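The structure appears right after this line, and notes come after that.
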Amino acid sequence: MCICHLPCRQLRPSPSPNGDQAPGRLVAHYHCVVCSVTIARKTDMISHLKRHVNKGETEASYSGSSDVPFEEPAPSGQAYEIMKELGTNVQLMPNHTTPQKTDTYFNRKMKTNRQLVFCSLAVLAEERNPLESLDAFGATGIMGLQWAKHLRNAVKVTITDINEVCVKMIRENCNLNHIRVEGSRGSSRVPDGGAGDVDGVPIATVEVAKMDANVIMHLRSFDYIHLDPFGTAVNYLDSAFRNIRNLGIISVTSTDTGSLYSKSLNVTMRHYGSNIVRTEYYKELAARMVLATVARAAARCNKGIEVLLAVAVEHFVLVVVRVLRGPTQADESAKRIRQLIHCQWCEERVFLKQGSMVEENLYRQLPCNCHGSMPGKTAVELGPLWSGPLFNSGFLRRMLFAAVQHSMEDIQPLVKTLICESECTTLKSSVHGPTALTNQVECGVVIKVQKVEESGTTDHSGKRKTGDEPGNVVKKLKSDGSLEHPAFYYGIHRHSIRGMNMPKLNRFLQYLTEAGFRVSRTHFDPTGVRTDATLDQFKSVLTKYSVPTYTNTTATQNPEETVRAME
């Protein structure tokens, strides 16, 4: 580690006694060999390098070494790093991991999110062809380029960003992946032999536009819209639902975990208009809060939603909804937005029934007896939240088929878990086999591609004409109401009995199934159990099959037997 005396870091000029600005003074500093950040103090640099070593980051991220050559120099003398994901190459700036210091932000940990969004778009591409999709926040353009490179002519991809540096980077990444760039409205169109045409015929065409996300969603209609801003997406929901086509899909990624996970309650109230507290099921609470905000935005445009997918893993919450046009569908979706009654002692919860306004009725709706045995106010009212299902098993099966088809091994276990969670079962055999593709149409609410082609309800532009198909979708949606999974889950460690060794999680799921309850694991919590049993029933089964541990008195009376048992 060497000290640097070059004019990389300069103190601000201070005013002289005469009133003139004195020139800035050069300050010795250090540069990180991993992320190229500038740090003034040596002790801070040592701590910074130790954090890189703990994360396993020991190589420079701006070396520019890759199997894909790229000779064009980066601006300001910096070197590009070329990253490959899902067969798509993108060039990244040295400080691409710090959103405060770069415009082309890229997060490697969002790979799961990008693959889930890709699979949902692939499912929609089977229903209508061609379709128009929008990546409203392009940044490096990695997501839109993956759509175009793997789905080819099935989708017409539009990538937008408000920043000029990001738009330039997206065009260069299109050139890197042999994808032709089509100019946006009001801008010059790139010729066939321009930046998008590399080594002959391009493999796909992508439209790149420098435009605000709200503006382009107000001006144009799309079949698929993905919103992934840095933080919350509530400022773009009204524009997204304004011109989305009927039976189209909107996917929303929220990364403001501080407000979603009850760390900044005032920000939660401002953005989502919900009152929440920290609970054991806080991740599902965040997903239902986002869905309630999405449903209200859709209802303002006389549209309803059908939830296809809601995932909360790592540091993001992803919701995928299908848009159902019409005031009737909007009213049905609005009825699913309810308040939640949460017990602060045992963490039992139940959705508030419509018409219950008296405070005494709130405690009566909870199945626990904490109100009578504990002092003070035991229950709080949370919400508004989405009370409907979080998954559609038919859509998830088709997503699993798309993940297998495009060799996405990383998300296949997650999608299988979601399928079992949507059906509230532990039998993973229903996910595989020849019956998976037939059951996916029966369980789902999507329209078969064969029916669309035979009935001729679509035109060449991909727009669906008025007919009986939307009605059939609504009928299928209503028939799927009996298959809804139970709301929320219980943590087995949270409700364990002191002094008792509880059974293994898989064995405990078997015990609940034998007791006559629907049960499954959940992706929200690795030790969580989704079941239709109440908390008292859950604890009774857990107590029945728990084994008491050895007490201290027993260990003191028989020390030799204790040592032999340990050996």
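Residue indices begin at 1 and follow the sequence shown. These figures come from a predicted structure and were not determined experimentally. All values below were derived from every heavy atom in this structure, side-chain atoms included, with hydrogens, water molecules and symmetry-related copies excluded.
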Review point. Where the side chain of Gln537 meets the backbone of Thr534, is there a donor-acceptor pair that is under 3.5 Å apart?
Key: yes
Review point. Is there a donor-acceptor contact under 3.5 Å from the side chain of Asn214 to the main chain of Ser239?
Key: no
**Study point:** Stepwise side chain to side chain contact (heavy atoms under 4.5 Å, CB included) test for Met399 and Leu418
**Key:** CA-CA 11 Å; Met399 284 183 59; Leu418 294 177; over 6 Å; no
**Study point:** salt bridge (Lys or Arg N to Asp or Glu O under 4.0 Å) involving Asp238 - partner list, sequence neighbours excluded
**Key:** Arg300
Which pairs would a plain distance check flag for residues 247-256, meaning a side-chain donor or acceptor within less than 3.5 Å of a matching protein atom at least two apart in sequence or in another chain?
{"unit_1": "Ser251", "atom_1": "OG", "unit_2": "Tyr224", "atom_2": "OH", "d": "3.2"}
{"unit_1": "Ser251", "atom_1": "OG", "unit_2": "His226", "atom_2": "ND1", "d": "2.7"}
{"unit_1": "Thr253", "atom_1": "OG1", "unit_2": "Asn113", "atom_2": "ND2", "d": "3.0"}
{"unit_1": "Thr255", "atom_1": "OG1", "unit_2": "Gly231", "atom_2": "N", "d": "3.0"}
{"unit_1": "Asp256", "atom_1": "OD1", "unit_2": "Tyr272", "atom_2": "OH", "d": "3.3"}
{"unit_1": "Asp256", "atom_1": "OD2", "unit_2": "Ser259", "atom_2": "OG", "d": "2.8"}
{"unit_1": "Asp256", "atom_1": "OD2", "unit_2": "Tyr272", "atom_2": "OH", "d": "2.9"}

Review point. Can you check whether Trp386 reaches Val294 side chain to side chain, under 4.5 Å on heavy atoms?
Key: no
Study note, to complete from the structure: In terms of heavy-atom contacts, Ala330 and Ala299 come closest through CB-CA, 4.1 Å
Practice item. Measure the spacing between NZ of Lys156 and CG of Leu131 and express it to the nearest 0.5 Å. Key: 11.5 Å
Practice item. With sequence neighbours excluded, give me every salt bridge (charged side-chain N to carboxylate O under 4.0 Å, His left out) pair touching residues 136-147. Key: none
Point to revise | With Asn177 via side chain to side chain donor-acceptor pair (under 3.5 Å) - residues at least two apart | key: Lys149
Check your understanding: Taking atom CG of Leu390 and atom CZ of Arg288, what is their separation to the nearest 0.5 Å?
Key -> 4.0 Å
**Study point:** Under the side chain to side chain donor-acceptor pair (under 3.5 Å) test, residues paired with Arg114 that sit two or more places apart
**Key:** Glu85
Check your understanding: Can you name the residues that form a side-chain contact (heavy atoms from CB on, under 4.5 Å) with Thr279, not counting sequence neighbours?
Key -> Val277, Tyr281, Tyr282, Leu285, His342, Glu347
Review point. Between CG of Asp135 and CD1 of Ile159, what distance do you get to the nearest 0.5 Å?
Key: 6.0 Å
Exercise for review: Without swapping roles, check the side chain of Ser393 against the backbone of Glu423 for a donor-acceptor pair under 3.5 Å.
Suggested key: no
Point to revise | Pairwise side-chain hydrogen bond (donor to acceptor under 3.5 Å, both in side chains) hits with a residue in residues 403-415, at least two apart | key: Lys111-Asp410
Study note, to complete from the structure: Taken to the nearest 0.5 Å, the spacing of Asn235 CG from His271 NE2 works out to 7.0 Å
**Study point:** Val90 side chain near Leu176 side chain, heavy-atom distance below 4.5 Å
**Key:** no
Review point. Which pair of heavy atoms, one from Val181 and one from Cys174, lies closest together, and at what distance?
Key: CG2-CB, 3.4 Å
Practice item. Give every residue pair that meets the ring pair (Phe, Tyr, Trp, His ring centres under 6.0 Å) criterion with at least one member in residues 285-311, sequence neighbours excluded. Key: none
Study note, to complete from the structure: Sorted by chain and number, sequence neighbours left out, salt bridge (Lys or Arg N to Asp or Glu O under 4.0 Å) with Arg349 holds for Glu280
**Study point:** Chi angles and distances behind the side chain to side chain contact (heavy atoms under 4.5 Å, CB included) call for Gln91, Met169
**Key:** CA-CA 8 Å; Gln91 54 186 2; Met169 181 71 72; 3.3 Å; yes
Check your understanding: Can you find a heavy atom in the side chain of Val123 that is under 4.5 Å from one in the side chain of Phe401?
Key -> no
Check your understanding: Which residues pass the side-chain contact (heavy atoms from CB on, under 4.5 Å) test with Asp331, sequence neighbours left out?
Key -> none
Check your understanding: Ignoring hydrogens and geometry, is there a side-chain-to-backbone donor-acceptor pair from Asp223 to Glu132 under 3.5 Å?
Key -> yes
**Study point:** Parallel, tilted or perpendicular: ring planes of Tyr490 versus Phe538, cut at 30 and 60 degrees
**Key:** tilted
Review point. With the threshold set at 4.0 Å, does a side-chain nitrogen-carboxylate oxygen contact exist between Arg336 and Glu484?
Key: yes
Check your understanding: Side-chain contact, heavy-atom cut-off 4.5 Å: Leu308 with Glu306?
Key -> yes
Check your understanding: Pick from Tyr236, Phe106, Phe230: which one makes a ring pair (Phe, Tyr, Trp, His ring centres under 6.0 Å) with Phe137?
Key -> Tyr236
Practice item. Any salt bridge (charged side-chain N to carboxylate O under 4.0 Å, His left out) involving residues 521-533? Give me the pairs, sequence neighbours left out, ordered by first then second residue. Key: Glu284-Arg530, Glu421-Arg530
Practice item. First locate atom CG of Leu382, then atom CZ of Phe351, and finally report the distance between them rounded to the nearest 0.5 Å. Key: 10.0 Å
Practice item. Start with the C-alpha distance between Val529 and Val519, add both sets of side-chain angles, then the distance that settles side chain to side chain contact (heavy atoms under 4.5 Å, CB included), and finish with yes or no. Key: CA-CA 7 Å; Val529 178; Val519 61; 3.4 Å; yes
Study note, to complete from the structure: Taking every heavy atom of Ile225 against every heavy atom of Ala240, the minimum-distance pair comes out as CD1-O, 3.8 Å
Point to revise | Closest heavy-atom pair and its distance - Ala292, Ile337 | key: O-CD1, 3.8 Å
**Study point:** Side chain to side chain, Cys119 and Leu400, heavy atoms closer than 4.5 Å
**Key:** no
Check your understanding: Does the side chain of Lys109 reach to within under 4.5 Å of the side chain of Phe316, using non-hydrogen atoms?
Key -> no
Exercise for review: Using the test side chain to side chain donor-acceptor pair (under 3.5 Å), find all partners of Gln115 that sit at least two apart in sequence or belong to another chain.
Suggested key: none
Practice item. Test side chain to side chain contact (heavy atoms under 4.5 Å, CB included) on Ser520 and Tyr489 and set out the steps. Key: CA-CA 9 Å; Ser520 69; Tyr489 55 89; over 6 Å; no
**Study point:** Non-hydrogen atoms of Asn243 and Arg220 that approach each other most closely
**Key:** CB-O, 3.4 Å
Point to revise | Leu318 side chain near Thr112 side chain, heavy-atom distance below 4.5 Å | key: no
Study note, to complete from the structure: To the nearest 0.5 Å, atom CD1 of Ile142 lies from atom NZ of Lys84 at 11.5 Å
Review point. Nearest heavy-atom pair of Cys424 and Arg518: which atoms, and what distance?
Key: CB-NH2, 3.4 Å
Practice item. Taking the side chain as every heavy atom from C-beta outward, state whether His523 and Leu414 have any pair of such atoms under 4.5 Å apart. Key: yes
